[in-house]
Amino acid sequence: MNGVNGRLPVLLRWLELAEPDIVCLQELKSPQEKFPESAIRDLGYDVIWHGQSRWNGVALLSRVGEIHETRRGLPGDPEDLQSRYIEGAVNGVLIAGLYLPNGNPRPGPRFDFKLRWFERLQTHLASLIRLEAPVIVAGDFNVMPTDRDVYAPERWRDDALFAPEVKAAYQRLLDQGWTDAIRRLHPDDVIYTFWKYWRGAFERNAGLRIDHLLLNPPAAARLVAAGVDTRPRAWEKTSDHAPVWIEIGEPKVRRRKPPVQELG
DNA sequence: ATGCCGCTCCAAGAGCGA
């Protein structure tokens, strides 16, 4: 997002263009009282947000039903006051929006904080994955999971977004049973969600895949399509990230008994 | 092989992002 107020024209233009049902925003860089609530509601969205002066900040938007907030802030550390996690239920689907710490420089206290945050996330998501309802965890994870997710992997080996400990932490999440929606449907494609502003990174497609959508098994069973909407990345005064999207289908109807002739 | 850009605070330059 890189500032919800600075990017508000881009956000509103994209909402009108793409007409997403549910949106998770990260890096609002806005205090709670300066969030542009009315501009978003005017486009027909319900919205909840967790702001913070200058840094961080996350929000959930929905135009398909009221958001019932279930949590703000990741549990497990009362000292952590950063606005990096918000969670709510919409139409029987649980949505978690997160903004994982960047962690640079590595090593250092900021990197340690990132690893601790990952551990707290693992603890919390371990309880969510077991829900019978679909659960979607969306956000800026600040990790490229594999070499395929980085335009120049060798340059990033020691970076806090690509360090072995961070990739391992992300893998431990997947090992809980979460599905990385983009990779489930596009296992081998070069797909990025972030491009630096300079050196023509977007034009050269020199990017990173750091924004992810994780699905619990009931959500994964309904996954229809997934991709990155690169259109707004080319706009003026835009974010350095592009929206990652998925399409979720209707709940699977319980199959009736097959016709007799199909039974051996 | 690097925040080179761009946001926030608040009115200059520091801190942050990745």
Side-chain angles (χ1 to χ4, degrees), chain A residues 1-14 24-37 39 49-59 80-85 97-115 117-118 121 138-170 182 190-212 228 230 232-244:
Chain A
M1 194 75 242
N2 208 353
V4 70
N5 290 304
R7 308 302 188 194
L8 187 59
V10 166
L11 172 63
L12 299 178
R13 180 179 169 189
W14 179 72
C24 302
L25 302 177
Q26 303 86 32
E27 205 182 358
L28 303 177
K29 286 185 163 183
S30 166
Q32 186 72 10
E33 62 276 12
K34 287 192 179 172
F35 183 84
E37 176 181 7
W49 68 98
H50 193 194
Q52 178 181 337
S53 182
R54 310 189 81 168
W55 299 306
N56 309 317
V58 284
D80 175 14
L81 302 178
Q82 300 185 17
S83 300
R84 295 183 176 273
Y85 186 92
L98 65 84
Y99 178 41
L100 225 128
N102 175 300
N104 277 309
R106 167 182 179 269
R110 294 165 58 86
F111 187 68
D112 297 340
F113 177 66
K114 179 177 194 170
L115 293 183
W117 210 93
F118 243 123
L121 183 64
D140 179 355
F141 285 71
N142 268 319
V143 50
M144 299 84 87
T146 71
D147 281 11
R148 193 183 301 281
D149 303 308
V150 198
Y151 71 100
E154 298 312 321
R155 294 185 196 173
W156 291 87
R157 294 286 175 214
D158 297 323
D159 192 276
L161 278 69
F162 201 48
E165 311 94 299
V166 174
K167 284 186 283 192
Y170 185 78
I182 288 281
V190 171
I191 298 175
Y192 300 136
T193 67
F194 167 92
W195 302 260
K196 295 183 180 186
Y197 285 117
W198 23 277
R199 282 183 173 268
F202 180 61
E203 291 72 16
R204 294 185 293 119
N205 198 26
L208 309 171
R209 191 175 76 94
I210 54 176
D211 303 281
H212 308 301
V228 179
T230 56
R233 184 60 183 78
W235 297 348
E236 294 293 317
K237 306 293 270 180
T238 197
S239 168
D240 36 11
H241 298 251
V244 188

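Numbers restart at 1 for each chain; the letters A, B, ... are given by sequence-line order, proteins then strands.
Within the nucleic acid shown, A/Tyr99 comes within 4.0 Å of sugar-phosphate atoms alone, with no base atom in reach, counting heavy atoms only. A/Pro105 comes within contact range of no nucleotide atom at all, as no heavy-atom separation falls under 4.0 Å. Here A/Asp140 lies in heavy-atom contact (under 4.0 Å) with sugar-phosphate atoms only.
Atom C1' of B/dT8 sits at a distance of 13 Å from the matching atom of B/dA12, rounded to the whole Å. Rounded to whole Å, the C1' atom of B/dG3 lies 12 Å from the corresponding atom of B/dG15. Taking atom P in both B/dG6 and B/dC10, one finds a spacing of 23 Å when rounded to whole Å. Nucleotides B/dC16 and B/dC4 have their P atoms positioned 15 Å apart, rounded to a whole Å.
Residue order along DNA chain B, read from the 5' end via each residue's closest nucleotide, puts A/Tyr197 first among A/Asn142 and A/Tyr197. Between A/Arg155 and A/Glu27, the one whose closest nucleotide on DNA chain B sits nearer the 5' end is A/Arg155.
Under a 4.0 Å N-O distance rule, the pair A/Lys114/A/Glu165 does not qualify as a salt bridge. Using a cut-off of 4.0 Å between Lys/Arg side-chain N and Asp/Glu carboxylate O, A/Asp240 and A/Arg7 are scored as not salt-bridged.
Dashed line: the shortest gap from a side-chain N or O of A/Lys237 to OP1 or OP2 of B/dC7 is under 4.0 Å. Taking side-chain N and O atoms only, A/Arg7 has a distance below 4.0 Å to OP1 or OP2 of B/dC7.
No hydrogens or angles were tested; on distance alone, a donor-acceptor pair under 3.5 Å links the side chain of A/Arg199 to the base of B/dT2.
The CG atom of A/Asn5 sits 8 Å away from the P atom of B/dC9 (whole-angstrom rounding). Rounded to whole angstrom, the span from the CD atom of A/Gln82 across to the P atom of B/dT8 amounts to 18 Å. Note: CZ (A/Phe202) to P (B/dG6) measures 15 Å, nearest angstrom. Residue A/Asn2 contributes atom CG, which lies 10 Å from atom C1' of B/dC16 at whole-angstrom precision. What separates NE2 of A/His241 from C1' of B/dG6 is a distance of 12 Å, to the nearest Å. A straight line from CH2 of A/Trp198 to P of B/dT2 spans 8 Å, rounded to a whole angstrom. In this entry the distance linking CD of A/Gln52 with C1' of B/dT8 reads 11 Å, nearest Å. Put simply, CZ on A/Phe194 is 11 Å from C1' on B/dG6, counting in whole angstrom units.
With A/Phe111 as the aromatic partner, A/Arg106 meets the cation-pi criteria of under 6.0 angstrom to the ring centre and within 45 degrees of the ring axis.
Between A/Phe35 and A/Trp49, the ring-plane angle classifies as parallel under the 30° and 60° cut-offs. Ring geometry for A/His212 against A/Phe141 counts as tilted: the plane angle lies between 30° and 60°, on a 0 to 90° scale.
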